[in-house]
J.: 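Sharing a structure here in structure tokens format.
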Amino acid sequence: MPGLFPDLPIQHTPKRNDIALLHKLQCRVCPLAQINNLHPDMPASGAEDPLVYILGEAPGKDEDIEGKQFVGESGQLLRPNIPREFRNRVRFNNVVRTRPWKNETPSPTAIECCRPSIIKDIERSKPRAIFGFGNVPLTWVSGFSGITMWRGRRMPVRVGTHTCWYYPMLHPAFLLRQGREGKASISELQKFFILDLKKAWAEVEDLPAAQVHTPDDVFQDIECLYDPVRIENSLRWAAEQPDIGVDYETNMLRPYGPKARILTIAVANEERGIAFPLDHPEAEYTPRQRDMVAGSWKRFLLTAKGRKWVHSLAFELEWTGVHFGRELIRAGRWRDTSNQAAIIDERRGKQKPGPFSLEFLVQQYFGINLKKLTNVDRKKLASTPVEIVCLYNGGDARYHKHLGIAQAKVIKGLGLQEANRLAQRRVPTVVLSTIKGIPVRQEVVARLRKKYAKRIEIVTRKIFKLPQVKQFNAENKDRFVPLEPKNVIYVLNDIMKRKECRTVNKWTDKVEYSSEEDVLKKIGGKFCNLILRLRKSVKRKSTYIDPLFIGDEDCVVHADGLIHPIYNTYFAETGRLSAEDPNIQNVPKRDEEAKEVREQIAALLDYLIAAFDYGQIEYRVIGMFTKDKTLVKALWENFDVHGDWARRIAHRYPARIGGKKFLNDVKVMKDFRTDIKNQWTFPLFFGAKLESAAGYLKIPPENLTKEYDIFWQHFAGVKQWQEDVHRFYDKHGYVECLTGRRRHGPLSPNQIINSPVQGSAAEIVLDAMCRLSELDDWEYQPEINIHDDLTFVRAPEKRIDEFSEKIIDMMIDVPFEWAKVVPISVEMSYGKNWLNMEEVGTFFSHQWRK
DNA sequence: AAGACGTGCGCG
DNA sequence: AAAGCGCGCACGTCTT
């Protein structure tokens, strides 16, 4: 039986010497041999000459009684999913052939004792593929864990002398256990269990021969060069190759500042690899020689004929742009293998190494662990001997190329070339935004820092004077920590006896405690208000102010006085960008006081900050997807759908707005319209049920059943589309946005609806961002993307009209055919700093004159 | 000292 | 996991 948490890595691995001994002595030293089992040491069963080798974890109770694998509950889930025509062509075995005590996950010792006999059986029976169920066989065969990230993939493996394919599958016992514990996702996971098996059976007979790469494949013919002339000549060879892997090793993560160095550079394909130092401390170049090498490298980048494959291209491009020149960012044909990986399978996972890492992907495609071959600490490269760094660098570069070619083939097979093209195109665009950077006004930073430091001090002092806190300190041995939710909950629940902090989980019936803002606001009083004030002040200071202060230890302002936020193009599973270091996408804007942190971002002399928002972009995308008559018409005619529903619902249930007398109150109805937009129209479009929407609105659902029905009669096309998307998902296991970019399950019902909408909106905005960037005019390179917003912090003040007209032109003209069913709108605002932004106007595609 | 995890909160 | 969805980051606790 697999553990409760299927991705848990197997711990306490025995040491290498001990493993050899366990392999030699096998059952004689196996801890499981001590257990009184009916069928210990269970032999494999099934076909002698199998197509597929079904490998489980260990026998369970029923298996032990019958002496056969997969005959219990797990077998009942698995066996019906073996197609009839394959029933006589499978062989069954487990990683451990004796039932562990109480079905515990087998210990590493037991696994190693059993390993030789399993290997022998696989070598003898020579299956085309192994279907491995659960984390244990996955780790057994590959050393990797994290079955939920590995499922749905396949990798070549070498077991003893036999090479074949390995399919990581969820373990049926895990699905059964989830079901018993009443987890809602049971059917969802089961669906993928069945889908994975179906996919595997469909292709298993026609698989090409599996190939596992060897350490020789990785390091053969990789030369480390130290002579500038030989480097120049070798780069001429590299520039002629149709496909070449490229990789840098650097001493820092970011390229800014005087200490940032590219240590070594490597280019490689399967036939040859060359790696050489640039600024590695051991490089013995004269200054002239060093410049020669840099010159040769620039020439290579400009003249390379083939595709340059890089894993995490944004990293190499940022260094390239800063150290060799911005023009090289679009030179030749850069390709990103991590973006490819995300197009094929966007699951990010939280386990390390994650599915976007080179280590994971090389294991998946080539059956070898690249990182384990070289015992190099990536954080200490500057003090690692240069020839070792070069070798390591060359091996990585080679696999960038291998991975690129392998993934390109998969992408073609899936018909995802267009989605991939759009994904690749984003990389140079966002890197240029990153490099361009955003100026920070230190005097504003310093002022705000002082203000909030003082406030935090005062509020903290007041908190410790409160009687509740004094009582807390008397009753507990540890002092009250105001920012610790558990401590706050203790005060609310045990001292103040307030029930507002308790909720019963709808799904599990468990009592849960919370000290979040809503709860504290509901309770009110000195304690709650002070805690809230402290939280908000600390958040503002440490998230939005301190990191901008030059001198702070986590300062994100670089040596050039700018912040250079990194945009990730493939982290958000819907295809949005995400930003970090700092996250420029979540700077306060709504809260009247909190938004003052925006003043820290200000335009330089003669420039303005100009922001361009796509108006209601997701709403328009729903129109593009559904072509719903009512919705499309409303968009063309600028009809106020939210206002319309605000009126309808206010008439149905006037109590919500304070009574009938407010039906004609402009202010009240305007506020109510906002509520309707956020708590009715949008949630319903995104898949919310009547109960949820009514709950948000605080109107009893029974008062809204009629409106709910009318709503969906009205927007029948939207309803139809929601049902279609669900059907598509049930069949394929993924949904797609309007460019074909996919998002795979498991997904919740609402994610199924939301993902295509959010994803398509992101494609529209990113396409505009790319087109602006591709103008190749630094002025039109946006510095900031906030999902539906492109912001320029260097808009030329004197030519602002001409400048913004050009940008609106570009943004409004969405080139995708599927986008043309509805009009597009762009809202513009500008100002001297990011706080005081003045709205200029809203521009519609169908009213826009050039 | 570094990482994982939970809670909370900022944005679209 | 579900909660309309998607993120990053700070703080605090606990583990290695």
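In what follows, every chain begins at residue 1, and chains take the letters A, B, ... in the order their sequences are listed.
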J.: Identify which nucleotide among B:dG10, C:dC5, C:dG12 has an atom closest to any side-chain atom of A:Arg743, counting heavy atoms from C-beta outward.
T.: C:dC5

J.: Assess whether one donor atom and one acceptor atom, taken from the side chain of A:Arg535 and the base of B:dG8, lie less than 3.5 Å apart.
T.: no

J.: With rounding to the closest Å, how many angstrom separate the C1' atoms on C:dA3 and B:dA4?
T.: 24 Å

J.: I'd like to know if A:Asn583 reaches the base of C:dG8 with its side chain such that a donor and an acceptor end up less than 3.5 angstrom apart.
T.: no

J.: Return yes if the base of B:dG12 and the side-chain atoms of A:Arg576 contain a donor-acceptor N/O pair under 3.5 Å, otherwise no.
T.: yes

J.: Contact class for A:Phe685 vs. all strands (heavy atom < 4.0 Å): base, sugar-phosphate, or nothing?
T.: nothing

J.: For A:Ala579, which contact category applies under a 4.0 Å heavy-atom criterion: base, sugar-phosphate, or nothing?
T.: sugar-phosphate

J.: Scan nucleotides 5-7 of chain B against the protein and return all N/O pairs shorter than 3.5 Å with their distances rounded to 0.1 Å.
T.:
none

J.: With a 6.0 Å cut-off on ring centres, are A:His787 and A:Tyr614 close enough?
T.: no

J.: Please tell me which of the listed nucleotides, C:dG8, C:dA3, C:dA10, lies nearest to the side chain of A:Ser748?
T.: C:dA3

J.: With a non-hydrogen cut-off below 4.0 angstrom, is A:Asp789 in contact with a base, only sugar-phosphate, or nothing?
T.: nothing

J.: Phosphate oxygens OP1/OP2 of B:dG10: is one of them under 4.0 Å from a side-chain N or O of A:Gln585?
T.: no

J.: Taking the six-membered ring of A:Tyr570 (Phe, Tyr or Trp), confirm whether the NZ or CZ of A:Arg426 is under 6.0 Å from its centre and within 45° of its axis.
T.: no

J.: Could you summarise the pairing of DNA chain C as dot-bracket text, marking Watson-Crick and G-U pairs under 3.5 Å with ( ) or [ ] inside the strand and | across strands?
T.: ....||||||||||||

J.: Check whether any side-chain N or O of A:Arg590 sits under 4.0 Å from OP1 or OP2 of B:dC9, and answer yes or no.
T.: no

J.: On a whole-Å scale, what distance lies between the P atoms belonging to C:dA1 and C:dC7?
T.: 14 Å

J.: Donor-acceptor pair under 3.5 Å: do we get one between A:Glu517's side chain and the base of B:dC9?
T.: no

J.: For A:Pro683, answer base if it contacts any base atom (sugar-phosphate contacts may also be present), sugar-phosphate if it contacts only those atoms, and nothing otherwise; contact means non-hydrogen atoms under 4.0 Å.
T.: nothing

J.: Of the nucleotides C:dG8, B:dG12, C:dG6, which one has an atom closest to the side chain of A:Glu580?
T.: C:dG8

J.: Over all strands shown, is A:Arg348 touching base, sugar-phosphate only, or nothing at heavy-atom distances under 4.0 angstrom?
T.: sugar-phosphate

J.: Could I get the full list of ring-ring contact (aromatic ring centres under 6.0 Å, His included) partners for A:Phe192, not counting sequence neighbours?
T.: none

J.: From C-beta outward on A:Ser578, which listed nucleotide comes closest to its side chain: C:dG12, B:dG10, C:dC7?
T.: C:dC7

J.: Could you check whether atom NZ of A:Lys462 has more than 12 heavy atoms from other residues, nucleotides or ligands sitting under 6.0 Å from it?
T.: no

J.: Between A:Glu457 and A:Lys541, does any NZ, NE, NH1 or NH2 come within less than 4.0 Å of an OD or OE carboxylate oxygen?
T.: no

J.: Determine the sole option in A:Lys539, A:Arg449, A:Arg540 for which the salt bridge (Lys or Arg N to Asp or Glu O under 4.0 Å) test with A:Asp546 is passed.
T.: A:Arg449

J.: Among C:dG6, C:dC7, B:dC11, which is the nearest nucleotide to the side chain of A:Gln758?
T.: C:dG6

J.: Could you check whether A:Lys486 gets within reach of a base, just the sugar-phosphate, or nothing at all, counting any heavy atom under 4.0 Å?
T.: nothing

J.: Quick check: any donor-acceptor pair below 3.5 Å linking the side-chain of A:Lys539 to the base of B:dC9?
T.: yes

